[in-house]
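First comes the structure, then the notes that go with it.
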There are 2 protein chains.
Amino acid sequence: MSSSAPVTGLRERNRARRTRRVERAALELALAHGVDHVTVDMICEASDISPRTYFNYFGTKEGALLGLAQAPLLDADIEAFVEARGSVVDGLLHLIATGFVASDPDREIFLMRRRLFAQEPELQGLQLARVAGKRQALTRIVERRLTAQHPETAPTERAEEAQLVVAVVTGAFPIASRVWLDREDADASIDEAIAMVLARVRRIVQM
Amino acid sequence: MSSSAPVTGLRERNRARRTRRVERAALELALAHGVDHVTVDMICEASDISPRTYFNYFGTKEGALLGLAQAPLLDADIEAFVEARGSVVDGLLHLIATGFVASDPDREIFLMRRRLFAQEPELQGLQLARVAGKRQALTRIVERRLTAQHPETAPTERAEEAQLVVAVVTGAFPIASRVWLDREDADASIDEAIAMVLARVRRIVQM
DNA sequence: TGCATCATTGCAGACTCTGCACTTTCGCCT
DNA sequence: AGGCGAAAGTGCAGAGTCTGCAATGATGCA
């Protein structure tokens, strides 16, 4: 993790370096003073970029705290998911995990972020909000798979099921990634964390 | 629904009337022009209150679109949940539903809101964000119940379980309330909707 | 009716965010 | 090397959100 980046030009390396510098500065400030006592100007001064550039990078004040948005899922992965059979929840969890791991998250920043989220729960909300933008897309993908898997189901019911699947998965995923991050002795696979969380969800829902 | 409010003084009635007027105006404008082409000033002009008052009521621009925050849960209900046994997910779903129904939601506004949410998924995100503020509290309540119910579990595991329960429930609840709203021929109980959604979650998670 | 209290309002100002024009930097090609 | 075209960073102006404070107005109650 946080190694083996597909290096290309100086331009991209500069961008990556800057991004981390800004994210780190933002997180430190927010941890020290609380999110709403931090201004974008403070972050910019601490990380030595112009406010205009800050917004070019992150779009919103909280952007640097939440981290850059993930790259969109690969079409190939989506198709594989739609055509696969078995547990839909498990499949979707893996689909998302693939994109997550591919983004090569920086562990140190992750841990700071987690500490901050514990201090300020509203941020967790914003995180959800950002993901929620993609929920619709995700829901449609799940619907496609459900249609293929159970063609006999009524459309309304299928839509509701898809929404439920997405709700459960987007709820469970952050916990899986957290478990993964905690367990990461050497190079534990995120699959284990997913399996574990999924088992727990089953147990919870059952009793 | 939207009857039998515990009426008190003129003051409160005025406030309620105003709130609805503003919410309705905001929703109409947002449906017509899209959320980010609507300004607070526009909403205020349409509903004839001052911007300052708008913010006193709703706090944020989106406040009127999301509706006033729910009243906090009653301590008695919380205690009953903690001491109850059986399905934790089911119990929590009912706990939240109780608060929801008690807030006496206005059906017409609800339907507009739903239409708007379909148009602008980011709003659904903000909805989640607002609820997320309460997630921590909810998580602690669930932990208390889990402690009572399964004292042998390790604390870490229990914390993760609690988070999962909250994730599943907060994901499933909006769908239950939507089902309820759709099915509402006469005075169907929200319990039915909950049971149905819960059954569906079980099925989804299982396969 | 008259007073105490609470709600609404106007105003000033801080902060977030965007469009546009300008400058700098980078990648590439001769 | 040197220079050109494209991409990225910056400054500025301005719209829009949101808050504190002080003043005004409405309500509840004696």
- Item | Phosphate OP1/OP2 of D/dG9: any A/T53 side-chain N/O under 4.0 Å | no
Tell me: [atom1] of [X] to [atom2] of [N], nearest whole Å?
| X | N | atom1 | atom2 | answer |
| --- | --- | --- | --- | --- |
| A/I49 | C/dC17 | CD1 | P | 14 Å |
| B/D48 | C/dT8 | CG | P | 13 Å |
| A/R15 | D/dA7 | CZ | C1' | 11 Å |
| A/R13 | D/dA8 | CZ | P | 16 Å |
| B/R17 | C/dA7 | CZ | P | 16 Å |
| A/N56 | D/dT10 | CG | C1' | 9 Å |
| B/E45 | C/dT9 | CD | P | 14 Å |

- Are B/R114 and B/D182 ion-paired here, with the side-chain N under 4.0 Å from a carboxylate O?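 Here B/R114 pairs with B/D182 in a salt bridge, since their nearest N and O are under 4.0 Å apart.
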- Query: Does B/E108 pair with B/R24 as a salt bridge, N-O distance under 4.0 Å?
  - Reply: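 Yes.
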- Message: For the residue pair A/R15 and A/Y57, would you count it as a cation-pi contact if the rule is NZ or CZ under 6.0 angstrom from the ring centre and within 45 degrees of the ring axis?
- Response: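 That pair qualifies as a cation-pi contact.
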- Axial cation check for A/F110 ring with A/R107, 6.0 Å and 45° limits: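 Checked: cation-pi criterion not met.
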- Crowded around A/Q119 CD? As in, over 12 foreign heavy atoms under 6.0 Å? yes
- Message: So which atom in A/V88 and which in A/F81 form the shortest heavy-atom distance, rounded to 0.1 Å?
- Response: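 Shortest heavy-atom separation between A/V88 and A/F81 comes out as O-CE1, 3.8 Å.
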- Compare every heavy atom of A/E23 with every heavy atom of A/G67, then report the nearest pair and how far apart it is.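 Smallest heavy-atom distance, with atoms named: CA-OE2, 3.6 Å.
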- Message: Go through it in stages, so that I can follow the logic: the residues are A/R145 and A/E83, the test is salt bridge (charged side-chain N to carboxylate O under 4.0 Å, His left out), and I'd like the CA-CA distance, side-chain angles, deciding distance and then a yes or no.
- Response: CA-CA 7 Å; A/R145 167 141 167 188; A/E83 282 155 26; over 6 Å; no
- Which angle, rounded to 10°, do you find between the first-five-pair axis and the last-five-pair axis of the helix from C/dT1-D/dA30 to C/dT30-D/dA1?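 Its terminal axes enclose an angle near 20°.
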- Message: Output one letter per nucleotide in nucleotides 17-30 of chain D: B when a protein non-hydrogen atom lies under 4.0 Å from the base, S when only the sugar-phosphate is that close, - when neither is.
- Response: SBBBB----BBS--
- How long is the span from the CG atom in A/L66 to the CZ atom in A/F58, to the nearest 0.5 Å?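 Taking CG in A/L66 and CZ in A/F58, the distance rounds to 10.5 Å.
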- Query: Considering only side-chain heavy atoms of B/Y57, which listed nucleotide, D/dG9, C/dT8, D/dT10, is closest?
  - Reply: C/dT8
